[in-house]
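Here it is: the structure, laid out below.
A, B, ... follow the sequence lines: proteins, then strands. Residue 1 opens every chain.
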Amino acid sequence: MLTKDELSRIRNTWAEMFPDAQCELTHRNPLELTVAVVLSAQATDALVNKVTPALFEKYQTPEDYVQVSLEQLEQDIRSIGLFRSKAKNIKKLAQSVIEEYDGEIPRSKEDLEKLAGVGRKTANVVASVAFDEPAIAVDTHVERVSKRLGICRWKDSVLQVEKTLMKKIPKDEWSVTHHRMIFFGRYHCKAQSPKCAECPLVDICREGKKRMKKQGRQD
DNA sequence: ATCCCGAGGG
DNA sequence: CCCTCTGGAT
């Protein structure tokens, strides 16, 4: 397990590497953000951003999503993966926003999670990015980085990872740290080829030390 | 535990 | 070819 000093060193390193980390999904309002985050499941932000400009031009209100045919919406988001379930969820989500939330995306995580296609991770992103609520959304990057560095255990569930992070990071730093972890995972501690050789954290990283040793044997 | 599911990188 | 991408519902 990591010591308190090691944790703060990790957070300082992230802050130096990615001082301006923020949400990279293009959006102008809570509805656009919610749709973008739903679309981003198992897809890269870059891919989502290629589709959303035209999508948000065409669909500007929840009513627009309700009125369009399912087939048409599927075509409009086809290039993103999981397009059938996402199209269905977005229509359903828009419907309940109209019926139950007076046409506005709800602010609380509890209400957000009731929307179709919105689970804990998506609710955390919308609450924190659109409404400035402190939250740590645990996605594939945050989970991988936390486990490689030894911030949590390998077998931990995503919920356990989230709880551990919330416990070990000051509340007013949750949102920034969350985005820095995303950037760290996306651009540095990548799933396929992590940059361990040039990583300022290798000396305290279980996974990093393992990988460097393996590389040494091959040389 | 499994399915959904196209795009992009290696 | 294989792996991964800001997951969620069943």
N/O (side chain, A/R144) to phosphate O (OP1/OP2, C/dT4) under 4.0 Å | no
Please answer whether the main-chain N or O of A/D5 pairs with a side-chain N or O of A/S8 as donor and acceptor at a distance below 3.5 Å.
-> yes
Positive for side chain to side chain contact (heavy atoms under 4.5 Å, CB included) with A/P62, one of A/I105, A/V97, A/V35, A/L93 | A/V97
Could you give the NZ-to-P distance, from A/K114 to C/dG8, as a whole number of Å?
->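 Atom-to-atom, A/K114 to C/dG8, this comes out as 17 Å.
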Residue whose nearest DNA chain C nucleotide is more 5′ - A/A46 or A/K92 =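 Residue closer to the 5' terminus by nearest nucleotide: A/A46.
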Kindly point out which of C/dC5, C/dG8, B/dA7 is positioned nearest to the side chain of A/K121?
->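 Closest nucleotide among those given: C/dG8.
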Separation of C/dT4 atom P from A/I182 atom CD1, nearest Å, is 17 Å
If you look at every strand shown and take non-hydrogen atoms under 4.0 Å, does A/R186 touch a base, only sugar-phosphate, or nothing?
->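 Base contact.
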Below 3.5 Å between N/O atoms, which protein atoms pair up with nucleotides 8-10 of chain B? Just atom names and distances, please.
unit_1 : atom_1 : unit_2 : atom_2 : d
B/dG8  : OP1    : A/K50  : NZ     : 3.0

Does A/S85 make a side-chain N or O approach to OP1 or OP2 of B/dC3 shorter than 4.0 Å?
->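 Answer no for this pair, as no side-chain N or O of A/S85 is under 4.0 Å from OP1 or OP2.
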Below 4.0 Å: OP1/OP2 of C/dG7 and any side-chain N or O of A/R120 =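 Negative; the distance criterion is not met.
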Test A/E71 against A/Q75 for side-chain hydrogen bond (donor to acceptor under 3.5 Å, both in side chains), laying out the working first.
-> CA-CA 6 Å; A/E71 293 72 21; A/Q75 288 313 306; over 6 Å; no
Rounded to the Å, how far apart are A/F83 CZ and C/dC5 P?
->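 So the CZ-P distance, A/F83 to C/dC5, works out to 22 Å.
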Write down the distance between CD (A/Q42) and P (B/dC5), rounded to a whole number of angstrom.
->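 Spelled out: CD on A/Q42 to P on B/dC5 is 13 Å.
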Nucleotide C/dG8, atom P - distance to CG of A/L93 in whole Å | 12 Å
Expressed as a whole number of Å, how far does the P atom of B/dA7 sit from that of C/dG8?
-> 22 Å
Which part of the nucleic acid, if any, lies within reach of A/A191 when heavy atoms closer than 4.0 Å are counted: base, sugar-phosphate only, or nothing?
->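 Sugar-phosphate, backbone atoms only, no base.
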Look at the side chain of A/K109 and the backbone N and O of A/N124, then say whether any donor-acceptor pair between them is shorter than 3.5 Å.
->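 Checked: no pair found.
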Should we say atom NZ of A/K92 is surrounded by more than 12 heavy atoms from elsewhere, each under 6.0 Å from it?
-> no
Evaluation steps, side-chain contact (heavy atoms from CB on, under 4.5 Å), between A/M166 and A/E162 = CA-CA 6 Å; A/M166 289 193 294; A/E162 184 184 332; 3.8 Å; yes
Could you give all pairs that pass the side-chain hydrogen bond (donor to acceptor under 3.5 Å, both in side chains) test and reach residues 26-38 of chain A, with sequence neighbours left out?
-> A/T26-A/N49, A/R28-A/E32
In whole angstrom, give the distance that lies between atom CZ of A/R78 and atom P of B/dA7.
->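 Taking CZ of A/R78 and P of B/dA7, I get 8 Å after rounding.
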Measure from CZ on A/R84 to C1' on B/dC3 and round the result to the nearest Å.
->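 Roughly 12 Å, once rounded to whole Å.
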Round to a whole Å and report the spacing from CG of A/L39 to P of B/dC5.
->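 For the pair A/L39 CG and B/dC5 P, the rounded distance is 14 Å.
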